[in-house]
Trainee: 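Provided herewith is a single structure, encoded as structure tokens, for subsequent inquiry.
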Amino acid sequence: MDSFRKLSLISALFHTLIILLIIPVTSQPQPQPQACESYRFPNSTIFLACNDLPVLDSSLQWTYHSSSNSIDVAFKKNNANHKRWIAWAINPTSTGMVGSQAFVAFQKYDGTVAAYTSPITSYGTTLEEGSLSFEVHEVSASFEDGTMILYASFQLPGNPKLVNHVWQEGLVFDDDSRLSHALSGDNFKSFGRVDFLTGKVSDRDPHKQNSKILLKKVHGILNGIGWGILMPTGAIMGRYLKQLEATGSTWFRLHRACQILAYIIGTIGFALDIFLSGPSLSSLSPYGFVHASIGIAVFVSATVQVLAAIFLRPDKHHKARIFWNIFHYVVGYGVIFLSVFNMFRGFSLSKSYHSWKNAYFGVIVSLGCVALILEAITWFFFCKRRNKKEMKETSTDDNIPPQEIV
């Protein structure tokens, strides 16, 4: 295969890779309209944001007032029953039910609709009326045509971007007493997190969350081993083992094997990151976006390096070898630098990875110390061989007869 065909092939593979990375980001399907967006409230109230909740046939609509950090909320329960209560709550301290500050509504035996507040202090609560931990401006409710709506206006107790919320329903007896809700089925899944600024509502199913946390840890481990440890280790092998004459070509086999293994493991970790992040990077936080972008740059650069090594690496006696060496060193050390830098950015995304960050810092410091020691040894033997060579040349010149020198 001549040089032109090699160059054409690697160029095609490179551009195909870029296209495969760009298409999922640019071709994200447009979100479908939610049912709550078409609902018109009986009192003609308009809310600026809404979200259909995943269970209990409910939806949440709201208007957030940033100037006062207050909010107007409407919690709507479709297919409501006059013998069932509904409730929507926020939890300022945790993600569960206990500690939630609830707004409750139900139809009394006499036909009127009651709406009040109730702080939740246990799982066996019967929703006794009481004051909440933050200021409530207004609470009311309506029940018409099988739809019960709970309205509330209150002062948000914290960050409007990180609000844990819970919604429930349960039985009401003829004496207007309330029975605690069921602890299984959809009643066990009716909690999550809402961002009142962007309108995003996330599912907080514990099984899904545990699976995602596990995958994130696997992603971190694979990338840490592949890009963060094996890649610099392979570079150390390539630079210092070849200085040992006794190793012959073994240093190159070890260097190549280590780098190929690093690339395979790192690519699996990269693919897992794409799976966790979804088809678009726009859903990530700014810090997460930078972390993912650097990860893409590392993968693309490493892929180009691998393809170039397979198809474009010239013979060591070729006149273009110097340009290959420059390319190989620049891209290789660039990948290592970005990989190590991105590992620390990844650890900084969560405080739970603080111990991992310390452990990885110890590994990198150890590899750095090994590299420094080997660098010193390499220069020692290099200087020793050069001095020996100069002494030999000097000795040879001294043994040449004067007439031969002339």
Side-chain angles (χ1 to χ4, degrees), residues 221-266 269 294 297-298 301-306 308-310 312-347 355-399:
I221 291 172
L222 291 176
N223 283 338
I225 294 175
W227 306 121
I229 296 177
L230 288 179
M231 193 67 72
T233 300
I236 290 175
M237 290 181 177
R239 175 165 177 78
Y240 300 112
L241 289 184
K242 69 178 178 180
Q243 305 299 330
L244 303 177
E245 297 178 357
T247 61
S249 62
T250 303
W251 72 266
F252 178 73
R253 296 190 185 96
L254 290 174
H255 166 70
R256 181 174 57 186
C258 189
Q259 299 301 67
I260 290 176
L261 183 61
Y263 179 76
I264 293 173
I265 295 175
I294 295 176
V298 168
S301 300
T303 301
V304 171
Q305 179 87 307
V306 170
I310 295 174
L312 293 181
R313 181 173 172 266
D315 183 82
K316 62 181 179 179
H317 300 297
H318 195 281
K319 62 182 180 180
R321 181 71 178 202
I322 182 64
F323 301 106
W324 158 258
N325 289 339
I326 294 174
F327 167 82
H328 189 62
Y329 292 148
V330 171
V331 176
Y333 284 115
V335 167
I336 292 173
F337 172 79
L338 287 176
S339 299
V340 174
F341 176 75
N342 210 31
M343 285 298 300
F344 285 105
R345 287 193 70 90
F347 292 137
S355 58
W356 292 29
K357 181 179 180 179
N358 292 337
Y360 181 69
F361 179 77
V363 171
I364 289 300
V365 169
S366 299
L367 288 175
C369 291
V370 169
L372 286 175
I373 293 172
L374 291 176
E375 186 72 21
I377 294 174
T378 298
W379 276 101
F380 172 77
F381 282 108
F382 172 77
C383 294
K384 186 176 181 180
R385 285 196 299 267
R386 186 177 64 179
N387 292 336
K388 185 177 180 181
K389 183 178 180 180
E390 291 176 351
M391 291 177 61
K392 185 177 180 181
E393 291 176 351
T394 302
S395 176
T396 302
D397 291 341
D398 291 341
N399 295 328

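Keep in mind that this is a model prediction, so the values were computed, not measured.
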Trainee: Of all heavy-atom pairs between Ala371 and Ile236, which one has the smallest distance, and what is that distance?
Mentor: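 Closest approach of Ala371 to Ile236: CB-CD1, 4.3 Å.
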Trainee: Quick one: closest heavy-atom pair of Ser301 and Val331, and the distance?
Mentor: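 Where Ser301 meets Val331 most closely, the heavy atoms are O-CG1, 3.7 Å.
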Trainee: Considering non-hydrogen atoms only, spot the tightest contact between Ser366 and Gly362 and give its length.
Mentor: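 In this case the closest contact between Ser366 and Gly362 is OG-O, 2.8 Å.
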Trainee: Between CG of Leu230 and CD1 of Ile265, what distance do you get to the nearest 0.5 Å?
Mentor: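 Here the interatomic distance stands at 5.5 Å.
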Trainee: How about Ile294 and Arg345: do any of their side-chain heavy atoms sit closer than 4.5 Å?
Mentor: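 Side chain of Ile294 against side chain of Arg345, heavy atoms only: contact under 4.5 Å found.
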Trainee: Find the distance between OH (Tyr360) and CD1 (Ile229) and round it off to the nearest 0.5 Å.
Mentor: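 Rounded to the nearest 0.5 Å, the OH-CD1 separation comes out at 6.5 Å.
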Trainee: Would you say Arg313's side chain and Trp324's backbone share a donor-acceptor pair under 3.5 angstrom?
Mentor: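 Not a single qualifying donor-acceptor pair exists.
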Trainee: Mind checking the NE2-CZ spacing from His318 to Phe323? Nearest 0.5 Å is all I need.
Mentor: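 Interatomic distance, His318 NE2 to Phe323 CZ, rounded to 0.5 Å: 11.0 Å.
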Trainee: So Leu241 and Phe252, do their side chains get closer than 4.5 Å, heavy atoms only?
Mentor: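 Of all side-chain heavy-atom pairs linking Leu241 with Phe252, none is under 4.5 Å.
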Trainee: What distance separates His328 NE2 from Tyr333 OH, expressed to the nearest 0.5 Å?
Mentor: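 Going from NE2 on His328 over to OH on Tyr333, the span is 8.5 Å.
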Trainee: So, Trp227 side chain and Ser339 main chain: donor-acceptor pair closer than 3.5 Å or not?
Mentor: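 Checked: no pair found.
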Trainee: Roughly how far apart are Phe337 CZ and Asn342 CG, rounded to 0.5 Å?
Mentor: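 Rounded to the nearest 0.5 Å, the CZ-CG separation comes to 10.5 Å.
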Trainee: Please report the C-alpha distance between Met237 and Gln259 in whole Å, then the side-chain angles of each, then the deciding distance to 0.1 Å, and finally whether the side chain to side chain contact (heavy atoms under 4.5 Å, CB included) criterion is met.
Mentor: CA-CA 10 Å; Met237 290 181 177; Gln259 299 301 67; over 6 Å; no
Trainee: Any non-hydrogen side-chain atom of Leu254 less than 4.5 Å from a side-chain atom of Cys258?
Mentor: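 They are not in side-chain contact.
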Trainee: Please round to the nearest 0.5 Å and tell me the distance separating atom CD1 of Ile225 and atom CG of Leu261.
Mentor: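 Interatomic distance, Ile225 CD1 to Leu261 CG, rounded to 0.5 Å: 9.0 Å.
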Trainee: Should the ring pair Trp251 and His255 be called parallel, tilted or perpendicular, given that the plane angle runs from 0 to 90° and is split at 30 and 60?
Mentor: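 Geometry flag for His255 against Trp251: tilted rings.
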Trainee: Is Phe327 close to Val304 at the side-chain level, that is, under 4.5 Å between some pair of heavy atoms?
Mentor: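 Val304 vs Phe327: side chains touch.
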Trainee: Kindly assign one of parallel, tilted or perpendicular to the pair Phe344 and Phe347, based on the angle between their ring planes and the thresholds 30° and 60°.
Mentor: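 Because their plane-to-plane angle is over 60°, the rings of Phe344 and Phe347 count as perpendicular.
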